[in-house]
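Heavy-atom basis, side chains included; hydrogens, waters and symmetry copies ignored. Note that the numbering runs from 1 along the sequence shown for the chain. All figures in this text were calculated on a predicted structure; none of them were measured in a lab.
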Amino acid sequence: MPVISRFEGIVIKMYFSQSEHDPPHIHVQYAEYSAVVEIETGKILEGHLPIKQEKKVTEWTKENKTKLEEMWKTKIITKIE
(Lines give C-alpha, C1' and ligand atoms only; values in the text may rest on other atoms or scores of the structure.)
Protein backbone atom coordinates (compact mmCIF):
# COMPACT_ATOMS: atom_id res chain seq x y z
CA MET A 1 0.00 0.00 0.00
CA PRO A 2 1.71 3.22 -1.13
CA VAL A 3 2.41 5.82 1.54
CA ILE A 4 1.13 9.28 0.60
CA SER A 5 2.31 11.16 3.67
CA ARG A 6 3.88 10.81 7.12
CA PHE A 7 3.68 13.41 9.87
CA GLU A 8 3.78 13.35 13.67
CA GLY A 9 3.70 9.54 13.73
CA ILE A 10 0.68 9.41 11.41
CA VAL A 11 0.95 7.41 8.18
CA ILE A 12 -1.49 8.10 5.31
CA LYS A 13 -1.93 5.47 2.58
CA MET A 14 -4.11 4.87 -0.44
CA TYR A 15 -4.36 1.76 -2.53
CA PHE A 16 -6.48 0.22 -5.20
CA SER A 17 -7.54 -3.39 -5.24
CA GLN A 18 -10.71 -5.24 -6.07
CA SER A 19 -11.80 -4.92 -2.46
CA GLU A 20 -11.56 -1.11 -2.49
CA HIS A 21 -14.84 0.70 -2.82
CA ASP A 22 -16.54 4.07 -2.85
CA PRO A 23 -16.70 6.51 -1.21
CA PRO A 24 -13.14 7.68 -1.98
CA HIS A 25 -11.04 7.25 1.15
CA ILE A 26 -7.58 7.00 2.68
CA HIS A 27 -6.14 4.56 5.20
CA VAL A 28 -4.55 6.03 8.32
CA GLN A 29 -2.26 4.39 10.84
CA TYR A 30 -1.08 5.86 14.12
CA ALA A 31 0.68 3.59 16.65
CA GLU A 32 -1.73 0.68 17.22
CA TYR A 33 -4.69 2.60 15.77
CA SER A 34 -6.00 2.47 12.23
CA ALA A 35 -8.88 4.12 10.43
CA VAL A 36 -10.45 4.60 7.03
CA VAL A 37 -11.17 8.28 6.37
CA GLU A 38 -13.53 9.65 3.72
CA ILE A 39 -11.80 12.16 1.45
CA GLU A 40 -14.90 14.32 0.90
CA THR A 41 -15.66 14.97 4.57
CA GLY A 42 -12.52 13.94 6.49
CA LYS A 43 -14.71 11.76 8.72
CA ILE A 44 -13.75 8.30 9.93
CA LEU A 45 -15.69 5.56 8.14
CA GLU A 46 -14.07 2.62 9.95
CA GLY A 47 -11.68 2.20 12.84
CA HIS A 48 -10.55 4.64 15.48
CA LEU A 49 -7.88 7.28 16.13
CA PRO A 50 -7.15 9.23 19.30
CA ILE A 51 -9.01 12.58 19.26
CA LYS A 52 -5.85 14.69 18.76
CA GLN A 53 -4.73 12.62 15.75
CA GLU A 54 -8.27 12.45 14.36
CA LYS A 55 -8.40 16.26 14.30
CA LYS A 56 -5.00 16.47 12.59
CA VAL A 57 -6.02 13.91 9.96
CA THR A 58 -9.35 15.67 9.34
CA GLU A 59 -7.55 18.99 8.85
CA TRP A 60 -4.87 17.40 6.62
CA THR A 61 -7.53 15.66 4.51
CA LYS A 62 -9.46 18.89 3.99
CA GLU A 63 -6.26 20.77 3.07
CA ASN A 64 -5.31 18.10 0.52
CA LYS A 65 -8.79 17.15 -0.69
CA THR A 66 -8.22 18.12 -4.34
CA LYS A 67 -4.96 16.17 -4.59
CA LEU A 68 -6.49 13.13 -2.89
CA GLU A 69 -9.55 13.16 -5.16
CA GLU A 70 -7.29 13.35 -8.21
CA MET A 71 -5.25 10.37 -6.97
CA TRP A 72 -8.45 8.39 -6.38
CA LYS A 73 -9.70 9.16 -9.91
CA THR A 74 -6.45 8.61 -11.79
CA LYS A 75 -5.04 5.87 -9.55
CA ILE A 76 -1.68 7.67 -9.71
CA ILE A 77 -0.26 7.98 -6.22
CA THR A 78 2.07 10.86 -5.36
CA LYS A 79 3.62 11.98 -2.10
CA ILE A 80 2.13 14.90 -0.20
CA GLU A 81 4.48 16.69 2.18
Side-chain angles (χ1 to χ4, degrees):
M1 181 173 356
V3 173
I4 295 171
S5 189
R6 292 176 193 264
F7 58 94
E8 299 182 31
I10 298 167
V11 179
I12 311 283
K13 300 179 180 184
M14 184 184 293
Y15 63 91
F16 306 99
S17 67
Q18 291 181 354
S19 65
E20 287 305 294
H21 52 84
D22 281 332
H25 60 275
I26 54 175
H27 296 260
V28 180
Q29 293 178 310
Y30 174 75
E32 69 272 13
Y33 302 94
S34 64
V36 175
V37 177
E38 183 178 16
I39 293 171
E40 176 68 28
T41 64
K43 301 216 179 208
I44 292 179
L45 299 173
E46 296 175 24
H48 178 74
L49 295 170
I51 295 295
K52 182 178 176 181
Q53 284 70 29
E54 181 178 346
K55 287 179 182 179
K56 288 178 188 265
V57 169
T58 299
E59 183 179 312
W60 183 91
T61 303
K62 287 180 181 179
E63 288 173 5
N64 294 287
K65 180 180 169 190
T66 303
K67 292 176 188 174
L68 294 167
E69 288 173 336
E70 185 66 21
M71 282 188 236
W72 186 269
K73 288 177 191 173
T74 65
K75 298 186 176 20
I76 298 171
I77 304 297
T78 58
K79 298 267 186 201
I80 299 174
E81 297 302 323

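Counting only residues at least two apart or in different chains, ring-ring contact (aromatic ring centres under 6.0 Å, His included) contacts with residues 36-59 comprise Y33-H48.
For the pair I76 and M71, the tightest heavy-atom approach, listed with the atom from each and the gap, is O-CG, 3.2 Å. Considering every non-hydrogen atom in both T41 and T58, the closest pair reads O-CG2, 4.5 Å.
Other residues, nucleotides and ligands contribute at most 12 non-hydrogen atoms within 6.0 Å of the NZ atom of K73.
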Under 3.5 Å, side-chain donor or acceptor atoms of residues 4-12 against the rest of the protein: list the pairs with distances, not counting sequence neighbours.
residue: S5; atom: OG; partner: I80; partner atom: O; Å: 2.8
residue: E8; atom: OE1; partner: K56; partner atom: NZ; Å: 2.6

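The distance from atom CD of E54 to atom OG1 of T61, rounded to the nearest 0.5 Å, is 10.5 Å. For the atom pair I77 CD1 and W72 CH2, the distance stands at 9.0 Å (nearest 0.5 Å). Annotation: the span from L49 atom CG to I44 atom CD1 amounts to 4.5 Å, rounded to 0.5 Å. The distance from atom CG of N64 to atom CD of E59, rounded to the nearest 0.5 Å, is 10.0 Å.
By the side-chain contact (heavy atoms from CB on, under 4.5 Å) test, T66 pairs with no residue at all, sequence neighbours left out. Residues passing the side-chain contact (heavy atoms from CB on, under 4.5 Å) test with K79, sequence neighbours excluded: V3, E81. The salt bridge (charged side-chain N to carboxylate O under 4.0 Å, His left out) test applied to E40 returns K65, not counting sequence neighbours.
The shortest distance between side-chain heavy atoms of M14 and I39 falls below 4.5 Å. For the pair T78/K67, no side-chain contact is recorded, criterion being any heavy-atom separation below 4.5 Å from C-beta on. Looking only at side-chain heavy atoms (C-beta outward), W60 and V37 stay at 4.5 Å or farther from each other.
Listed by chain and number, the hydrophobic cluster partners of L45 are V36, where partners are ILVMFWY side chains within reach of under 4.5 Å, directly or through others.
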